[in-house]
Amino acid sequence: MMDEFEKYINENRAEFDQHKADRSKMWAAIESELDASKPKVIPLWRSRKWRIAAAVIAVFGLFAALTLINRPDSFSGEDQIVSKELLEIDMYYQNLVSAQVQLVQNHPQLSVEDKEEFLAFMDELDEEYEILKLEMSKNLDNERVLEAIVSNYKKRIELIENLLRQINESKKSNDEDVYIL
Amino acid sequence: MESNITYRHRDLVEKSKSGDRASQYKLYELYVDAMYNISMRMLGIKEDAEDVVQDSFVDAFKRLDSFRYESTFGSWLKRIVINKSINYAKLKQIPVTSLDQHSYHLKEIKEETVEKPRHMDINRIKKAITLLPNGYRQIISLYLIEGYDHVEISEVLDISVSTSKSQYHRAKRKLIELVNEL
């Protein structure tokens with residue numbers, strides 16, 4: 001139990017906040033310290049779903065780069081080699097993507113509807129991608145086809161981002177439940 | 001209600017987690033004065049307190065991922081500031097618990113002889129607190145101003161709960177003495 005003296009101090013504790021911090025000076029120091037160490041990258045890899053997302057996005061990025069490299073106006077011999085290489089890489093990454101999709105399918109925190117919606121949309125984008133790849137090999141208006149392919153990638157990334165947000169939100173509400181209990 | 005308080009500034013905290021500098025600045029603005037005052041009470045030197053508070057904010061923003069709303073952001077941050085202040089004091093060899101040498105003659109004073117302050121005057125008390133030896137000032141601040149209990153103080157100062165209690169009582173007795181002398 002607090003006696004009168006202790007209570008008096010405790011009730012007047014706001015009186016002890018008498019100093020004013022030099023805000024701008026201190027913030028400048030904090031900001032430069034935060035800028036110096038870019039810590040955000042490291043913790044992301046600790047979480048499995050971020051790892052999945054990063055892998056998928058990296059795959060799309062590589063894909064886009066390879067598609068850009070593989071412009072059909074080069075020599076036909078070289079072209080063949082590049083196409084063969086592309087084919088191999090294509091197969092490899094398709095396996096990887098389908099593995100990721102499988103992971104999403106097996107994710108315990110996702111509802112069935114969410115999964116279906118996600119996978120249906122993914123299939124749609126796959127089809128679109130196939131058509132675009134076909135047009136690419138027909139050597140049609142390359143710039144426009146490329147733009148379409150890029151937007152196809154963008155949609156996939158957006159889709160994954162949405163999914164991640166949903167996972168995060170459901171996780172947060174789980175945390176709240178735990179807290180209330 | 002309780003969860004509303006715990007989730008105070010949740011928006012800012014969440015955005016800060018993802019590295020949003022504007023949100024981090026808003027949190028900083030909200031808490032910097034309070035944190036600076038806490039550190040000043042622990043350390044008593046402007047430059048030291050500034051160093052500790054800067055370091056605490058940097059650390060807090062870097063470790064924000066581990067903040068899970070088990071307490072308010074403010075008390076989480078406050079704990080970082082207090083821990084860092086205590087460590088800083090130790091590093092600078094400012095005695096955190098400088099009380100051993102006092103304990104010999106203080107032991108002879110009987111518990112019943114605890115004086116009562118002759119004045120309930122907050123300004124006098126404020127002055128007296130600044131005159132306390134560092135260790136006394138820290139434990140008085142932690143208990144009466146920061147509102148930590150003896151279990152929390154024992155964790156922060158790395159001492160036992162009973163040591164925290166006995167040292168607090170010595171510090172309080174010294175404080176009353178000083179108030180009466182002023």
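Lettering follows sequence order; numbering is per chain, from 1. Small disclaimer: the values here were computed from a predicted structure and weren't measured.
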Can you name the nearest heavy-atom pair linking Ala171(B) to Leu132(B), along with the distance?
O-CD2, 4.2 Å

Keeping Asp33(B) on the side-chain end and Ala21(A) on the backbone end, is there a donor-acceptor pair under 3.5 Å?
yes

Taking C-beta and beyond as the side chain, do Ile82(B) and Tyr148(B) meet within less than 4.5 Å on heavy atoms?
yes

Side chains of Tyr143(B) and Gln167(B): is there a donor and an acceptor less than 3.5 Å apart?
no

Proximity breakdown for Asp121(B) and chain A, heavy-atom pairs closer than 4.5 Å
backbone

Glu146(B) versus chain A, the contacting section by heavy-atom distance below 4.5 Å
neither

Do you know which of Lys25(A), Glu15(A), Met26(A) has the most heavy-atom pairs under 4.5 Å to chain B?
Met26(A)

Under a 4.5 Å heavy-atom cut-off, does chain A meet the side chain of Ile129(B), its backbone, both or neither?
side chain

Heavy-atom pair with the smallest gap, counting every atom of Phe61(B) and Gln24(B):
CZ-O, 3.3 Å

We want to know whether Ser85(B) and Ser39(B) form a side-chain donor-acceptor pair, criterion being a heavy-atom distance below 3.5 angstrom.
yes

Please identify which of these residues, Ser162(B), Ser166(B), Ser164(B), Ser160(B), meets the side chain to side chain donor-acceptor pair (under 3.5 Å) condition with His150(B).
Ser164(B)

Proximity breakdown for Met40(B) and chain A, heavy-atom pairs closer than 4.5 Å
side chain

Top residue by heavy-atom pair count (under 4.5 Å) with chain A, among Ile122(B), Asn37(B), Val179(B)?
Asn37(B)

Tyr25(B) ring center near Tyr28(B) ring center (under 6.0 Å)
yes

Just to be sure I understand the criterion: a residue of residues 49-57 of chain B counts if one of its heavy atoms is under 4.5 Å from a heavy atom of chain A. Which ones qualify?
Glu50(B), Val53(B), Gln54(B), Phe57(B)

Relative to chain B, which of Glu31(A), Arg23(A), Glu33(A) shows the most heavy atom pairs under 4.5 Å?
Arg23(A)

Between Arg41(B) and Phe16(A), which heavy-atom pair has the shortest distance, and what is it?
NH1-O, 3.2 Å

